[in-house]
Amino acid sequence: MSVVLYHNPKCSTSRNALALLRERGIEPTVVEYLKTGWDKATLERLASNTGLGLRGLLRAKEAAAKALLEANASDADILKAALAEPVLIERPIIETDKGARIGRPVERVFEVL
């Protein structure tokens with residue numbers, strides 16, 4: 001099974017998710033999205049595979065994401081903002097053949113294993 005972890009190494013929850021996977025003998029493909037950025041296809045796929053839509057991927061603790069949510073921004077505006085500022089997307093996100101989940105709480109990563 002392919003396992004991808006969209007990861008921010010500065011985030012304790014993201015580090016904990018990676019550690020939990022490794023404790024289970026799973027070595028995911030780690031994507032440090034703050035370095036690589038996002039692309040439109042990946043964000044749209046994650047929005048669909050989590051069942052949350054683009055709004056559901058936003059990290060509400062980030063001021064710009066909170067502003068988008070409060071303004072009831074369109075998917076096009078959310079996508080444009082997330083492509084410009086990768087930090088607007090919640091972390092960690094795990095993606096497997098079974099779907100995708102935001103790892104908050106961290107145990108949610110097991111839902112798609």
Excluding sequence neighbours, so at least two apart, what forms side-chain contact (heavy atoms from CB on, under 4.5 Å) with Leu18?
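With neighbours one apart ignored, the set is Leu5, His7, Arg22, Pro28, Val30.
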What are the two closest non-hydrogen atoms of [X] and [Y], and how far apart are they?
X: Arg108; Y: Ile102; answer: CB-O, 3.6 Å
X: Ala82; Y: Ile89; answer: CB-CD1, 3.8 Å
X: Arg91; Y: Ser14; answer: CG-CB, 4.4 Å

Under 4.5 Å between any side-chain heavy atoms of [X] and [Y], yes or no?
X: Leu79; Y: Glu44; value: yes
X: Ile94; Y: Leu113; value: yes
X: Glu62; Y: Glu85; value: no
X: Arg59; Y: Arg104; value: yes
X: Val112; Y: Asn49; value: no

[X] side chain to [Y] backbone, donor-acceptor under 3.5 Å:
X: Arg15; Y: Pro9; result: yes
X: Lys66; Y: Ala60; result: no
X: Thr42; Y: Trp38; result: no

Separation between [atom1] of [X] and [atom2] of [Y], rounded to the nearest 0.5 Å:
X: Leu69; Y: Ile78; atom1: CG; atom2: CD1; value: 6.5 Å
X: Leu58; Y: Leu52; atom1: CG; atom2: CG; value: 10.5 Å
X: Leu68; Y: Lys80; atom1: CG; atom2: NZ; value: 11.5 Å
X: Leu20; Y: Glu107; atom1: CG; atom2: CD; value: 6.5 Å

Provide the full list of ring-ring contact (aromatic ring centres under 6.0 Å, His included) pairs with a residue in residues 69-97, sequence neighbours left out, each pair given once.
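Output for this query is empty, none listed.
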Does CZ in Arg24 sit with more than 12 non-hydrogen atoms of other residues, nucleotides or ligands closer than 6.0 Å?
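Counting neighbours around CZ of Arg24, 12 or fewer heavy atoms of other residues, nucleotides or ligands fall under 6.0 Å, so no.
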